[in-house]
Every structure is written in structure tokens, then in C-alpha cells.
Number of protein chains: 2
Amino acid sequence: MDSRIVNLRSKLDVYKAMTGGGNLADCPVREVIQGLNGKWSSLLMAALAEQPYRFGELRRLVPDISQRMLTQTLYDLQRDGYVHREVFPTKPPSVEYSLTDLGRSMFGALQHLLQWAELNHDAVREARAGFDATQA
Amino acid sequence: MDSRIVNLRSKLDVYKAMTGGGNLADCPVREVIQGLNGKWSSLLMAALAEQPYRFGELRRLVPDISQRMLTQTLYDLQRDGYVHREVFPTKPPSVEYSLTDLGRSMFGALQHLLQWAELNHDAVREARAGFDATQA
DNA sequence: GGGTGGTGGTCTCAAAAAGAGACCAGCACT
DNA sequence: AGTGCTGGTCTCTTTTTGAGACCACCACCC
């Protein structure tokens, strides 16, 4: 028994899960997190959690995303099972993206982080400003 | 009143927070999330949530991180106020990294996502495999 | 029938970020 | 004098991202 007695079992469990219990290289948790790490993933998830959107609607909704990254991010989210893509055979075929059950479930967890960010972005901004000041 | 009646107020709020209420370009929530988007940020946060670590310990703990990215990710986390860096004037100076209160607070939110990933990585893996099969 | 505009993309090329690995000063121990 | 550990930085290559042109299809409008 050393000083590493852990009173935060759940945190330790999470850490062990991320390290795959010693098998850190191909850890499933890291793979999943990696999929959400994209610059646009969480934003698109938040948008689609509100309601389904079509490709062009998303592009207008997020003006600073390039069409290339919108295509790719949606493809990745679809691949991981968070997003459903449905093509409607209208005159110019339209494509609708919506969350799957898995996507809604995942967003429930992601939401905690987004809400934290909403409540604490001032603290982060302050910390950043203070740090930059000392480094100047 | 159109079909967009929203029964998920909290989700909508999160979305609005991310979009900055129409000011999507410089939205504070996106800035914060961006800081956690790094490939190694969440892993290092999980490690430091368990206990403080020294630089070399972290390097050994996460063998597949390059020294360069370890330095940089820790710097970024410190800049955003999640991590405290303390230099001890030992013979070869040692450096200890630990979570700040802000860091612990943030990890509390991040943890939900990590736990979700731990519980659902099978579903994601399956979705991925199924999707890849249809694309082949 | 010839322009215009909206559909959802792909392709190419430049810029930014990440990874690999060499290198460094300082000191302790042998 | 050599070896090893400390916490880094520097340079080079590869991967990821961003900007923007291009595309086929069809509807609409004259």
C-alpha cells in the first residue's frame, strides 16, 4: 500500500478502460473517442440532435465548414453508426441526415461536456489569457 | 408553428450554445471543445485524473505518444487551465503535472463520454464493420 | 432551346498539424 | 571517462485539413 490509494474508483476505471488494461495500443475506447475528435463531429452531432437536416441545410447552418469536410465528417459519423443517411428520389435527389438510436445515446453523453463548456468557457478563457500573459 | 416543434429543449440549448446564437464563427463553446479535440488530450486527462504524474512517467504510460506531442498537449492543457505544472529543483529537475480544480471539473463532464465509449464500443465496432461490408 | 439556379457531391492543390527520431545540457553514479 | 536519467527542442516526413474549382442532373423561365 503506497500513497496511490485511490478514492476515485470510477475515474480509475475510466483510465483503465482507455488504456485497455495495459493494452494501450488497440484500445476500443480510444478508437471510439478518436471518431469524435474531429473538428466538426460534435458540432454536427449537436445540429442533428436538434432535428434531421439535409446536406445543403447543414452547409448553410455551418458556414465555415468546407463541403469536403462536411461530406467526410458525415461519412465518418455514418460509418460509426451515429448518423443515418437517406436519399430521397426527388427531381434533384435530396439527402437527409438524422441521428440513429446509437447516435442519440452517444449525444446524451457528449451533451454533458458541451454543457460544461457552456457554463465554464469564461474560466477557460481567463486561464488562457492569464497563461499567455506570463509567457509574454 | 411548423414541424420544428422541439421537445428536447436541453439539446436545442446545447446546439444554440455551440452556434453562439447565430454567431457561429467565434463561439466560446466551440473554442473550449476544440481544446479537447486533440488526439491525446482526453487520454492524458484520464491519466492525470487518476494521480499526478511526471513527464517521463507519462511518456512510459503512453508509449505511442511522441515526446513532441506529449510536450505540446501538456502545454495546451496547462494553457487552458486544466493542468498544473510544477518544477521540483531536484538534481536533475523533475516536473510534475497534476489536474487543477478546473481540470477536475472538466473531467467530470468528459467522464460521461468515456464511460459511454466503454459501454458501447462494441456497438460502434459492429456498425463500422457492417458499414464497411456494404461499401466493399 | 439556352440561360440560371439548386441538388449533393468529387478532384486538385496548398497549408496546417502530427509523427519519427536525432540532438542537447546538466548532474549522479561508477 | 563513460553511462544513464532528467525534460525537453529541432528537423524532416507523412497525414490531415482547408479553399475552391468542377461535375451531372433536372426544373424553371422565357
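In what follows, every chain begins at residue 1, and chains take the letters A, B, ... in the order their sequences are listed.
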Engineer: Please give, in whole Å, the distance from C/dT10 P to A/L74 CG?
Structural biologist: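 These atoms are roughly 11 Å apart.
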
Engineer: Quick one: A/E57 CD to C/dT7 C1', roughly how many Å, whole number?
Structural biologist: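 It works out to 12 Å between those atoms.
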
Engineer: Going by the ring pair (Phe, Tyr, Trp, His ring centres under 6.0 Å) test, which pairs reach into residues 69-95 of chain B, not counting sequence neighbours?
Structural biologist: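 Qualifying pairs: A/F131-B/Y75.
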
Engineer: A/L70 CG to C/dT10 P: how many Å, rounded?
Structural biologist: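 It is 11 Å, rounded to the nearest whole Å.
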
Engineer: Give the C-alpha distance, both sets of side-chain angles, the deciding distance and a yes or no for side-chain contact (heavy atoms from CB on, under 4.5 Å) between A/L70 and A/F55.
Structural biologist: CA-CA 8 Å; A/L70 182 54; A/F55 186 88; 3.9 Å; yes

Engineer: In whole angstroms, how far is the C1' atom of D/dT9 from the CZ atom of B/F55?
Structural biologist: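 To the nearest whole Å, that distance equals 10 Å.
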
Engineer: If you compare all heavy atoms of B/L102 against all heavy atoms of A/A123, which two are closest, and at what distance to 0.1 Å?
Structural biologist: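 For B/L102 versus A/A123, the nearest heavy atoms are CD1-CB, 3.8 Å.
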
Engineer: Applying side chain to side chain donor-acceptor pair (under 3.5 Å), can you list everything that pairs with B/R59, at least two apart in sequence or on another chain?
Structural biologist: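 Per chain and number, B/R59 pairs via side chain to side chain donor-acceptor pair (under 3.5 Å) with B/Q67.
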
Engineer: Check this one for me: any side-chain N or O of B/R59 less than 4.0 Å away from OP1 or OP2 of D/dC5?
Structural biologist: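 Answer is no, no contact under 4.0 Å.
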
Engineer: Counting only side-chain N and O atoms of A/R60, is one of them less than 4.0 Å from OP1 or OP2 of C/dG8?
Structural biologist: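 For A/R60, the contact criterion (side-chain N or O under 4.0 Å from OP1 or OP2 of C/dG8) is not met.
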
Engineer: Can you name the residues that form a ring-ring contact (aromatic ring centres under 6.0 Å, His included) with B/H121, not counting sequence neighbours?
Structural biologist: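 Per chain and number, B/H121 pairs via ring-ring contact (aromatic ring centres under 6.0 Å, His included) with no residue.
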
Engineer: How would nucleotides 16-30 of chain D be written as a contact map, 5' to 3', with B for base contact, S for sugar-phosphate-only contact and - for no contact, using protein heavy atoms under 4.0 Å?
Structural biologist: -BBB------SS---

Engineer: Can you measure B/Q34 atom CD to C/dA16 atom C1' for me and round it to whole angstrom units?
Structural biologist: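 To the nearest whole Å, that distance equals 13 Å.
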
Engineer: If I take atom CG in residue B/L58 and atom P in nucleotide D/dT6, what distance separates them, rounded to the nearest angstrom?
Structural biologist: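 Taking CG of B/L58 and P of D/dT6, I get 12 Å after rounding.
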
Engineer: Residues two or more places apart in sequence or in another chain: which of them pass side chain to side chain contact (heavy atoms under 4.5 Å, CB included) with B/S66?
Structural biologist: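 So B/S66 forms a side chain to side chain contact (heavy atoms under 4.5 Å, CB included) with B/R68, B/M69.
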
Engineer: Rounded to whole Å, how long is the line connecting atom CG of A/L61 with atom C1' of C/dG8?
Structural biologist: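 The distance from CG of A/L61 to C1' of C/dG8 comes to 17 Å, rounded to the nearest Å.
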
Engineer: Would you classify A/Y97 as touching base, sugar-phosphate or nothing, given that sugar-phosphate means primed atoms plus P, OP1 and OP2, and contacts are heavy atoms under 4.0 Å?
Structural biologist: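 The residue A/Y97 makes sugar-phosphate contact but no base contact.
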
Engineer: Please report the distance, rounded to the nearest Å, between OH in B/Y75 and P in C/dA18.
Structural biologist: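 Atom-to-atom, B/Y75 to C/dA18, this comes out as 15 Å.
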
Engineer: Go through the structure and list residues passing side chain to side chain contact (heavy atoms under 4.5 Å, CB included) with A/R54, not counting sequence neighbours.
Structural biologist: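 By the side chain to side chain contact (heavy atoms under 4.5 Å, CB included) rule, A/R54 matches A/E57, A/S94.
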
Engineer: Base, sugar-phosphate, or nothing: which does A/F88 touch, judged by heavy atoms less than 4.0 Å apart?
Structural biologist: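 Here A/F88 touches no strand at all.
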
